Amino acid sequence: MIILFLGAPGSGKSTQGELLANFKGWKWLSTGQMLRESEEPWIQEKLKTGELFDDDFITELALKEIAKYENVILDGFPRTKRQAEMIVEAGVKLDKVVEIDVDAEEITKRMLLRGRMEDNAEVIGKRIGIYEATRDEIVECLVEKENTEYVKIDGKGTPEEVQMRVRENI
Ligand code: ADP
């Protein structure tokens with residue numbers, strides 16, 4: 001079983017993916033976490049810039065890792081249209097795409113509460129815009145073209161409330 005969790009920054013998708021993985025005994029596979037755990041200096045340097053990593057590089061890394069497990073929850077990969085195309089080309093079939101849906105207003109509220117220095121309303125708005133554009137491309141590639149089952153979960157409420165909705169729908 002391979003399930004992709006999609007969600008805007010601040011949607012709680014990583015929390016939800018990890019909670020579900022722990023509950024089911026499945027592997028939670030976050031490319032962001034893999035990169036942060038890397039001991040390669042150039043990876044650590046690039047992480048500081050906040051830029052996305054190269055599609056070929058990240059796809060190879062992720063595919064190698066996916067192949068090791070029977071049940072995987074993907075978090076943060078695929079993150080671009082090209083990455084989505086590449087996993088289709090590699091013959092990896094997703095079983096479900098789960099989107100944690102939170103409206104822009106709520107996301108902005110949550111991110112402002114989180115209080116990171118770079119998080120002001122304008123920057124947050126930009127990040128949501130970028131997310132929505134790539135999200136549409138990924139959904140088009142994986143859900144519309146590949147007919148992967150798509151589940152939308154209301155991401156409002158406490159993490160526990162959202163997790164119950166996730167479990168009821170998986
Ligand atoms: P965030 O949601 O804040 O970007 P992540 O943990 O998902 O946090 O990712 C951290 C960083 O790792 C990203 O800013 C990006 O540089 C890199 N990264 C993670 N996943 C990918 C991916 N699929 N493609 C390219 N870069 C990625």
Side-chain angles (χ1 to χ4, degrees), residues 2-22 26-69 72-90 92-94 96-104 106-143 146 148 153 155 159 162:
I2 306 179
I3 302 180
L4 167 63
F5 268 62
L6 278 180
S11 65
K13 79 160 166 149
S14 299
T15 305
Q16 293 305 323
E18 202 172 0
L19 283 170
L20 182 69
N22 290 339
W26 294 349
K27 174 70 182 174
W28 179 65
L29 205 164
S30 151
T31 41
Q33 193 199 34
M34 280 175 73
L35 293 167
R36 281 189 291 276
E37 284 172 355
S38 161
E39 278 162 21
E40 295 271 352
W42 75 268
I43 290 183
Q44 293 303 327
E45 282 308 308
K46 188 160 174 78
L47 275 171
K48 286 184 202 148
T49 69
E51 284 167 36
L52 287 186
F53 284 66
D54 175 75
D55 287 331
D56 293 283
F57 168 76
I58 203 86
T59 303
E60 194 187 325
L61 192 80
L63 288 178
K64 264 196 203 147
E65 196 63 15
I66 291 169
K68 293 184 192 163
Y69 305 93
V72 179
I73 292 182
L74 288 178
D75 181 348
F77 174 86
R79 193 174 179 136
T80 65
K81 181 182 180 190
R82 184 68 199 126
Q83 290 174 20
E85 288 168 352
M86 282 166 84
I87 63 167
V88 173
E89 286 160 15
V92 172
K93 192 97 184 77
L94 303 189
K96 269 183 213 228
V97 174
V98 175
E99 181 163 29
I100 306 296
D101 183 45
V102 181
D103 62 47
E106 171 73 14
I107 285 176
T108 308
K109 220 165 66 188
R110 288 184 189 179
M111 291 180 77
L112 288 174
L113 271 177
R114 210 156 72 174
R116 284 192 204 155
M117 229 165 45
E118 71 275 15
D119 286 351
N120 62 60
E122 193 191 333
V123 172
I124 294 167
K126 254 192 204 154
R127 286 188 65 190
I128 295 172
I130 294 171
Y131 167 74
E132 282 172 350
T134 50
R135 171 246 175 249
D136 288 351
E137 292 180 341
I138 291 169
V139 168
E140 191 194 343
C141 179
L142 296 175
V143 177
E146 292 298 309
T148 307
I153 306 282
V162 179

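Both counts, for ligands and for their atoms, begin at 1 and track the order of listing. In this text, all values refer to a predicted model and were calculated from it rather than measured experimentally.
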Does the plane of the ring in Phe53 sit parallel, tilted or perpendicular to the ring in Trp42? Use 30° and 60° as the thresholds.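 Rings of Phe53 and Trp42: tilted, as their planes differ by 30° to 60°.
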
For residues 7-17, which residue pairs qualify under side chain to side chain donor-acceptor pair (under 3.5 Å), counting only residues two or more places apart or in two chains?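 Found Lys13-Asp75, Ser14-Asp75, Gln16-Gln163.
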
Enclosure of Glu89 CD (heavy-atom neighbours >12, cutoff 6.0 Å):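 Correct, the count exceeds 12.
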
So if I only count non-hydrogen atoms and take anything under 4.0 Å from ligand 1, which residues does that give, chain by chain?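 Lining ligand 1: Thr31, Gly32, Leu35, Arg36, Leu47, Gly50, Glu51, Leu52, Phe53, Ile58, Gly76, Phe77, Arg79, Gln83, Arg127.
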
Apply the test side chain to side chain contact (heavy atoms under 4.5 Å, CB included) to residues Leu61 and Phe77: give CA-CA distance (whole Å), side-chain angles for both, the deciding distance (0.1 Å), then the verdict. CA-CA 10 Å; Leu61 192 80; Phe77 174 86; over 6 Å; no

Do Glu132 and Arg135 meet the salt-bridge criterion of a basic N to acidic O distance under 4.0 Å?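 Salt bridge absent between Arg135 and Glu132.
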
Approximate separation, where rounding is to 0.5 Å, of Thr59 OG1 and Arg82 CZ: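 So the gap between those two atoms works out to 8.0 Å.
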
